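Model, not experiment: these values are computed from the prediction. Numbering of ligands and ligand atoms starts at 1, following listing order.
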Amino acid sequence: MSQITFKMSNVNRRILNNVNLTIEKGERVMLFGPSGSGKSTLLHLFNRLDDPEQGEIQYNGQNIGEHDITKLRKNVGLVLQQPYLFPETVEDNLGYGPKLFNEWKPDNVKKLLDYVNLPASYLDKPIDELSGGEKQRVSLARTLANKPEVLLLDEPTSALDDQNIERIEEDLINLINRNDLTVIMVTHNLEQAKRLGTRGIYLENGQIIEDGPLPEMLENPKTNELKSFTTNQ
Ligand code: ADP
Ligand code: MG
């Protein structure tokens with residue numbers, strides 16, 4: 001049985017113009033489109049980092065504004081392009097969210113590091129001793145520490161080199177499968193969208209131009225807009 005996780009009805013915010021979509025539990029939705037088309041704005045609406053000017057967003061059948069915002073952000077975790085970690089250690093970062101809910105079990109930490117392929121010895125490492133790829137993996141682990149049901153990702157690999165991209169993608173696929181996550185991810189990398197996504201949403205000027213299954217929609221675009229976007233990539 002499918003279950004609707006998000007439903008947006010006639011949503012407007014900045015460039016976003018009359019966005020309508022539903023996302024079912026377990027979908028892996030890839031958002032792509034030209035720079036400035038509203039991808040990040042759309043992503044931020046899913047955990048109230050931003051709110052619509054018009055229209056309605058429902059999360060699990062209830063208006064998103066009626067959910068307790070701290071719990072919402074626990075359940076709908078966001079990983080940004082540039083990881084914002086606290087100074088101090090890896091463990092401090094991983095424990096922050098769970099401690100807010102009195103759910104911190106130090107035993108869980110090894111599993112979290114394992115998800116993102118970092119050794120347990122990294123727990124005590126100061127953040128400023130990590131490489132860019134390691135920071136992004138700690139950032140992912142910190143979001144996972146909250147046991148989200150939805151993972152929002154805004155170009156999480158765009159600052160990484162090919163080797164780190166491959167590692168993070170492996171980590172992502174493992175943990176999506178192990179934790180039964182719903183994923184909404186912005187990427188400018190269409191090969192990555194095909195590797196990770198089950199559904200694509202192509203945005204241009206704040207509007208959904210095409211919404212379809214991956215990888216098919218990228219191999220055989222229906223609209224001229226997506227056709228020209230894919231050939232110019
Ligand atoms: P994308 O992620 O697709 O590159 P964004 O969602 O960041 O696009 O931006 C969509 C539009 O909204 C752009 O025209 C951008 O300049 C504008 N915008 C983004 N963030 C803000 C903001 N905080 N205040 C005002 N305008 C913004
Ligand atoms: Mg963006």
Inset, instruction - Specify side chain, backbone, both or neither for R14, according to which of its non-hydrogen atoms lie closer than 4.0 Å to ligand 1. - result: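 Answer for R14: side chain.
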
Legend entry - Proximity of T41 to ligand 1 by residue part, where a heavy atom lies under 4.0 Å: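 The part of T41 near ligand 1 is both the backbone and the side chain.
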
Legend entry - Audit row: R13, D51, salt bridge (charged side-chain N to carboxylate O under 4.0 Å, His left out) steps and yes/no: CA-CA 7 Å; R13 175 64 176 158; D51 285 318; over 6 Å; no

Inset, instruction - Establish, from distance only, whether the side-chain atoms of Q81 and S158 form a donor-acceptor pair under 3.5 Å. - result: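 The answer is yes; a qualifying pair exists.
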
Legend entry - Reported CD-to-CD1 distance for the pair E27 and I201, which is rounded to 0.5 angstrom: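 Taking CD in E27 and CD1 in I201, the distance rounds to 8.0 Å.
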
Legend entry - Approximate separation, where rounding is to 0.5 Å, of L112 CG and D114 CG: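 If we round to the nearest 0.5 Å, L112:CG and D114:CG are 9.5 Å apart.
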
Inset, instruction - Give yes if a backbone or side-chain nitrogen or oxygen of I15 is under 3.5 Å from a nitrogen or oxygen of ligand 1, and no if not. - result: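 Looking only at distances, the answer is no, because the N/O contact criterion of under 3.5 Å is not met.
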
Inset, instruction - Apply the side chain to side chain contact (heavy atoms under 4.5 Å, CB included) test between L151 and each candidate in L172, L78, V76; give the one that qualifies. - result: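 Answer after filtering L172, L78, V76: L172.
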
What residue and atom, counting heavy atoms only, is the protein's closest point to [atom], and at what distance?
atom                    : value
atom 14 (O) of ligand 1 : G36 O, 4.0 Å
atom 7 (O) of ligand 1  : S40 CB, 3.8 Å
atom 8 (O) of ligand 1  : G38 N, 3.3 Å

Inset, instruction - Establish whether atom 16 (O) of ligand 1 and some protein heavy atom are separated by less than 4.0 angstrom. - result: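 No, no protein heavy atom sits under 4.0 Å from atom 16 (O) of ligand 1.
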
Legend entry - Nearest protein heavy atom under 4.0 Å from atom 10 (C) of ligand 1, yes or no: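 When distances to the protein are checked, atom 10 (C) of ligand 1 has a heavy atom within 4.0 Å.
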
Inset, instruction - Check whether the ring centres of H188 and F32 lie less than 6.0 Å apart, and answer yes or no. - result: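 Ring centroids of H188 and F32 are no less than 6.0 Å from each other.
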
Inset, instruction - Tell me, please, which residues at least two apart from K222 pass side-chain contact (heavy atoms from CB on, under 4.5 Å). - result: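 side-chain contact (heavy atoms from CB on, under 4.5 Å) list for K222, sorted by chain: E210.
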
Inset, instruction - Check side-chain contact (heavy atoms from CB on, under 4.5 Å) between E66 and all other residues, then give those that pass, not counting sequence neighbours. - result: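 side-chain contact (heavy atoms from CB on, under 4.5 Å) list for E66, sorted by chain: Q62, N63.
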
Inset, instruction - Establish whether I64 and I184 are linked, either directly or via other cluster members, by ILVMFWY side-chain heavy-atom contacts under 4.5 Å. - result: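 Same hydrophobic cluster.
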
Legend entry - Residue and atom names of protein N/O/S atoms that fall under 2.8 Å from the Mg ion (ligand 2):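 As for protein N, O or S atoms lying under 2.8 Å from the Mg ion (ligand 2), they are S40 OG.
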
Inset, instruction - May I have all residue pairs that pass salt bridge (charged side-chain N to carboxylate O under 4.0 Å, His left out) and include part of residues 121-143, sequence neighbours excluded? - result: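 Counting only pairs at least two positions apart or across chains, the salt bridge (charged side-chain N to carboxylate O under 4.0 Å, His left out) contacts touching residues 121-143 are R137-D171.
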
Inset, instruction - Report, in ascending order of atom number, the atoms of ligand 1 lying under 4.0 Å from any heavy atom of S35. - result: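 Numbered from 1, ligand 1 contributes 4 (O).
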
